Asks: 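The structure's right below; bear with me while I get my questions together.
Proteins get letters first, then strands, A, B, ... in listed order; numbering begins at 1 in each. From a predicted model like this one, the values you see are computed outputs, not experimental measurements.
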2 protein chains.
Amino acid sequence: MAPKAYYSIHPKFHAAVDCIIFGFEEGELSLLLLQRDFEPAKGQWSLMGGFVEEGESLDDAARRVVAELTGLSDLYMRQVHTYGDPGRDPGERVLSTAYYALVDIKRYDHALVKAHNAHWVKLNEIPHLIFDHDRMVQDALRFMRYQATVKPVGINLLPEEFTLTQLQTLYEAILGEPIDKRNFRKRIASMDYIEKTGRIDKTLSRKGAALYRFNREKFDGNFKI
Amino acid sequence: MAPKAYYSIHPKFHAAVDCIIFGFEEGELSLLLLQRDFEPAKGQWSLMGGFVEEGESLDDAARRVVAELTGLSDLYMRQVHTYGDPGRDPGERVLSTAYYALVDIKRYDHALVKAHNAHWVKLNEIPHLIFDHDRMVQDALRFMRYQATVKPVGINLLPEEFTLTQLQTLYEAILGEPIDKRNFRKRIASMDYIEKTGRIDKTLSRKGAALYRFNREKFDGNFKI
DNA sequence: AATAGAAAGTGTAAATGCAACACTTTTCAT
DNA sequence: ATGAAAAGTGTTGCATTTACACTTTCTATT
């Protein structure tokens, strides 16, 4: 076994997680940001974060922190990067691991979000954030965009059932460019894991649009990344 | 400013870096692994790692750890992922950030590697490693393979000047599949940042092969990822 | 001096995937 | 009855990728 000194001669650090929480509304991506009514950096904007506790994995800490703010515990989340420069937190040294989360904006707990003084902010209206959170957002956005091109993670931003128009608008928001409707629908049609539910949504058009659903089993079977 | 208690009520953790060091020889990728002659886990195989010290960034710690083993301080390195499950290190709780490094196998310091009881091990001969190092290797390999498909990071595994045959063999090793010579050379010819030096290598064939070099300036100009 | 061996180097044609492009259908509110 | 608004639907050209085999050059050997 290792002698205690093997570990104890080395320093320890606070560990935190910071979460880039993406939502989708009005055809645009938004982030859930805190206007901090607490120290440190009271009054400034930041990501939702929190310290890692004893016996808690990084992934669990990120899930807990996001659930504290949104009330949602079943979100799609991915680790992005760990930021460890000395001085990145001017108070004490903290290593922070960034995670991104994808939220169906119809589902989050409005009361919790309000209690934290958090707000959905559209991507192109994001204010300057504290510490290195601006960079975290850039890194998370790039990573999420990349993932969205190789697997349908974006679907986690939509309700369980969605129309192809919603899906296309979402991908236009994620990629930041318009997509041809016919080419888009051709591509979706070739993905057997995006399947018609048979139900029709009539809230957005007179004609009504077919509702689709993501079939995780078919996807996991056909696809490995 | 933040009250001290904001930080001090939270636990601190040891922070480490573990390095997946790739090399290329005999047409195959290898990793530089330690056969540990020290505790913990003496006698077993592991990645080269080390603790993060006060005032040292994660990137700096990773560079230091790789330099301790190879003597090389100018390597291409990238952060892969941070592993923070409680119990991942059976001794004490340690958060470990994995980095991969690419080494020109002609350049490393043989004495240092020998002193650490380290060995180059071909990818398909890798023994079971301690803790979660097996998973780190899998994650690093996937990440490095992906990066190699979008930018020419593989070139960091070759000497300053290299032949097209060497480059092709390297990419075959990275991607794990054979590549057609004519198609490969057509693609390389379209990359103006891989340029002929005018020099000829005669060590590998009677006829001699043109030596090429990576032009970082041309690449950075033409290409953004 | 001839030659055999070994790696370097070179072009074309078919197939596939991707991008561009505009009109019809359906339904409901007026 | 009709106008408005969104849903839905195929084809063609272009570019990229893949498949495929022989010639050149040099030197070590005989």
Asks: Are there any protein N/O atoms within less than 3.5 Å of an N/O atom in nucleotides 12-18 of chain C, and if so, which ones and at what distance?
Replies:
unit_1: C:dT12; atom_1: O4; unit_2: B:Lys186; atom_2: NZ; d: 2.8

Asks: Taking only residues at least two apart or on different chains, which pairs with a member in residues 24-33 of chain A satisfy side chain to side chain donor-acceptor pair (under 3.5 Å)?
Replies: A:Glu26-A:Lys122
Asks: When the distance from CD1 of B:Ile200 to C1' of C:dA7 is rounded to whole Å, what number comes out?
Replies: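 B:Ile200 atom CD1 is separated from C:dA7 atom C1' by 13 Å.
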Asks: List the residues meeting side-chain contact (heavy atoms from CB on, under 4.5 Å) with A:Arg135, not counting sequence neighbours, and say none if there are none.
Replies: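 Scan of A:Arg135 (side-chain contact (heavy atoms from CB on, under 4.5 Å), adjacent residues dropped) gives A:Tyr83, A:Asp139.
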Asks: Taking only residues two or more places apart in sequence or in another chain, which ones pass side-chain hydrogen bond (donor to acceptor under 3.5 Å, both in side chains) with A:Gln138?
Replies: none
Asks: Aromatic ring centroids of A:His133 and A:Trp45 under 6.0 Å?
Replies: no
Asks: Between B:Asp180 and A:Arg185, just flag the one whose closest nucleotide in DNA chain D comes earlier from the 5' side.
Replies: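 Whichever sits nearer the 5' end wins; that is A:Arg185.
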Asks: So, using side-chain hydrogen bond (donor to acceptor under 3.5 Å, both in side chains) as the criterion, who are the partners of A:Gln79 when residues are at least two apart?
Replies: A:Tyr99, B:His81
Asks: Can you tell me how far P of D:dT9 sits from CZ of A:Arg187, to the nearest Å?
Replies: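 Answer to the nearest Å: 17 Å.
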Asks: Just to verify, what does A:Arg206 make a side-chain contact (heavy atoms from CB on, under 4.5 Å) with, not counting sequence neighbours?
Replies: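 A:Arg206: no side-chain contact (heavy atoms from CB on, under 4.5 Å) contacts found.
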Asks: Among residues at least two apart in sequence or on other chains, which ones pass side-chain hydrogen bond (donor to acceptor under 3.5 Å, both in side chains) with A:Arg64?
Replies: A:Glu56, A:Glu68
Asks: How long is the line joining NZ of A:Lys196 and C1' of D:dT9, in whole Å?
Replies: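 It works out to 11 Å between those atoms.
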Asks: Taking ring-ring contact (aromatic ring centres under 6.0 Å, His included) as the definition, give me every residue that meets it alongside B:Phe184, ordered by chain and number, with sequence neighbours left out.
Replies: none
Asks: Is the gap between the ring centers of B:Phe162 and B:Tyr212 under 6.0 Å?
Replies: no
Asks: What's the CZ-P distance between B:Phe184 and D:dA19, to the nearest Å?
Replies: 16 Å
Asks: Counting primed atoms plus P, OP1 and OP2 as sugar-phosphate and everything else as base, spell out the protein contacts along nucleotides 21-30 of chain D at 4.0 Å heavy-atom distance: B, S or - for each nucleotide, 5' to 3'.
Replies: B--BBBBS--
Asks: Using ring-ring contact (aromatic ring centres under 6.0 Å, His included) as the criterion, list what pairs up with A:Tyr76, not counting sequence neighbours.
Replies: none
Asks: Which of residues 155-175 of chain A have a heavy atom under 4.0 Å from DNA chain D?
Replies: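 Of all residues in residues 155-175 of chain A, the ones placing a heavy atom under 4.0 Å from DNA chain D are A:Thr165.
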Asks: With sequence neighbours excluded, tell me which residues meet salt bridge (charged side-chain N to carboxylate O under 4.0 Å, His left out) with A:Arg63.
Replies: A:Asp60
Asks: Could you tell me how far apart A:Leu204 (CG) and C:dT27 (C1') are, to the nearest whole angstrom?
Replies: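 To the nearest whole Å, that distance equals 14 Å.
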